[in-house]
Peer 1: 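My questions all concern the structure below.
Reminder, nothing fancy here: chain letters follow the sequence lines and each chain counts from 1.
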Amino acid sequence: MHQIEFKDLVIFIRIAETGNFHDAAELTFLSQPALSRRMQKLETILGAQLFERTTRKTWLTSVGREFLPKARRMVEDFELSVLGIKDMASQQKGKVTIACIPTAAFYFLPSVINVFNERYPGIRIQILDESANHGLESVIRGDADFGINMAIAQHPEVSFTPLLDDPFVVCLRKDHPLCELEEVSWIDMEPYKLISVGRASGNRILLDKSLARDQVQLNSFYEVQHLSTSLGLVEMGLGISIVPKLAMPLSSASVLTSRPLKGQKIDRSIGLVKRSSTSVSPAADLFINILLEHWSVD
DNA sequence: TCTGTCTGCGCGCGAGACTT
DNA sequence: AAGTCTCGCGCGCAGACAGA
């Protein structure tokens, strides 16, 4: 089955413009017979004659007149698309979409975005601040160019490049009795209500694994969906929480503080997640380069 | 007669099948 | 994996044809 080619449309337009197969052939760098056959092929595919021709004169049929603006639009769209891709390829325009777990978005992105914007002001950035699982799905589906995610969120279709190890800490109000300790053990936490994130969360999976390994059961009293909510409840004095250090507020004015876990170390490895089967867009590649310049683990 | 289009024929190229 | 063969497709050349 033959298909209409881009060149067939260009030829059709040139013949319509010149009213002449011979001149159209010159303009399209073909011999006249080759052009004539191309036109015949196009007419066969369309099942309609586009030109009436005699050996002296060529003119559009009613079908041809109707098809001409459509063909022009198709050629124009195609050319604009190619120009758009060229712009992107030359890295002056485009968009980078990053699926990033929220805590990492705060930590990694601002400095990288600053540098990126200075170097490539024409490229827009979209951040999908999503949970580890949703972020991974966005990368696999192609909704995001790449992701910044936890090592736990891995998949055969993606590659993972570690950027940072983020230890879990105990999040406390500054007036909490446990603040007197330099490090906090599981036993120290037993009397207090624990605020934890939902079981689907990647952070929760890591924490539960450690608790199971050490055969410890904490008083998990409140369950929330987001780390930011658990920080809010700690702030209100409702309990304590075990969170990744990156989730802790940066401001010293905050009523919250943290203490390392005693004896056991729970780390989440955060890194760059990319689809392994396809290459990223030129714009995304530039962003990744700057990200790795800033955060690459040597 | 001149000029433009169509058609027969052969050539070259690329893709896929087949062999070593 | 590399080399060879086959087939289909598009091309140009040359000549036929037709209208002004």
Peer 1: 5'-most contact on DNA chain C: A/K7 or A/P33, nearest heavy atom basis?
Peer 2: A/K7
Peer 1: Tell me: NE2 of A/H22 to P of B/dC2, nearest whole Å?
Peer 2: 16 Å
Peer 1: Nearest to the side chain of A/Q40, heavy atoms from C-beta on, is which of B/dT7, C/dG12, B/dG4?
Peer 2: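 Looking only at side-chain atoms, A/Q40 lies closest to B/dT7.
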Peer 1: Measure the distance from CZ on A/R53 to P on C/dA20 and round it to the nearest whole Å.
Peer 2: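 Checked: the CZ to P distance equals 16 Å.
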Peer 1: Counting only side-chain N and O atoms of A/N20, is one of them less than 4.0 Å from OP1 or OP2 of B/dT3?
Peer 2: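 A/N20 to B/dT3 OP1/OP2: no side-chain N or O under 4.0 Å.
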Peer 1: Let me know the distance between CG of A/D8 and P of C/dC9, rounded to the nearest Å.
Peer 2: 14 Å
Peer 1: Classify the side-chain pair A/S36/A/R53 by whether it contains a donor and acceptor separated by less than 3.5 Å.
Peer 2: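 Judged by distance alone, the side chains do not pair up.
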Peer 1: Can you sort out the partners of A/H176 under ring pair (Phe, Tyr, Trp, His ring centres under 6.0 Å), two or more places apart, ordered by chain and number?
Peer 2: A/Y192
Peer 1: May I ask you to verify if any side-chain N or O of A/S36 is less than 4.0 angstrom from the OP1 or OP2 atom of B/dT5?
Peer 2: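 Answer no for this pair, as no side-chain N or O of A/S36 is under 4.0 Å from OP1 or OP2.
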Peer 1: Write down the distance between CD (A/E52) and P (B/dT5), rounded to a whole number of angstrom.
Peer 2: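 From A/E52 CD to B/dT5 P: 14 Å.
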Peer 1: Would you tabulate the pairs of protein nitrogen or oxygen atoms and nucleotide nitrogen or oxygen atoms of nucleotides 9-11 of chain B closer than 3.5 angstrom?
Peer 2:
from	atom 1	to	atom 2	distance (Å)
B/dC9	N4	A/R37	NH2	3.3

Peer 1: Using the salt bridge (Lys or Arg N to Asp or Glu O under 4.0 Å) rule, take A/K262 and A/D188 through it: C-alpha gap first, then chi angles, then the decisive distance, then the call.
Peer 2: CA-CA 10 Å; A/K262 188 176 183 179; A/D188 296 330; 5.5 Å; no
Peer 1: OP1 or OP2 of C/dG10 sitting under 4.0 Å from any side-chain N/O of A/R38?
Peer 2: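 Result: no.
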Peer 1: Quick one: closest heavy-atom pair of A/I15 and A/A24, and the distance?
Peer 2: CG1-CB, 3.6 Å
Peer 1: Roughly, in whole Å, what's the span from CD in A/Q32 to C1' in B/dG4?
Peer 2: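 Whole-Å distance recorded here is 7 Å.
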Peer 1: Rounded to the Å, how far apart are A/F21 CZ and B/dC6 C1'?
Peer 2: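 Result: 10 Å.
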Peer 1: Just to verify, what does A/S269 make a side-chain contact (heavy atoms from CB on, under 4.5 Å) with, not counting sequence neighbours?
Peer 2: A/A151, A/F160, A/P162, A/D165
Peer 1: Between B/dG4 atom P and A/M39 atom CE, what is the distance in whole Å?
Peer 2: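 It is 19 Å, rounded to the nearest whole Å.
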Peer 1: Do A/T229 and A/H226 have side-chain atoms, one donor and one acceptor, less than 3.5 Å apart?
Peer 2: no
Peer 1: If we ignore hydrogens and angles and just use 3.5 Å, is the side chain of A/E43 paired with the main-chain N or O of A/L50 as donor and acceptor?
Peer 2: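 Present.
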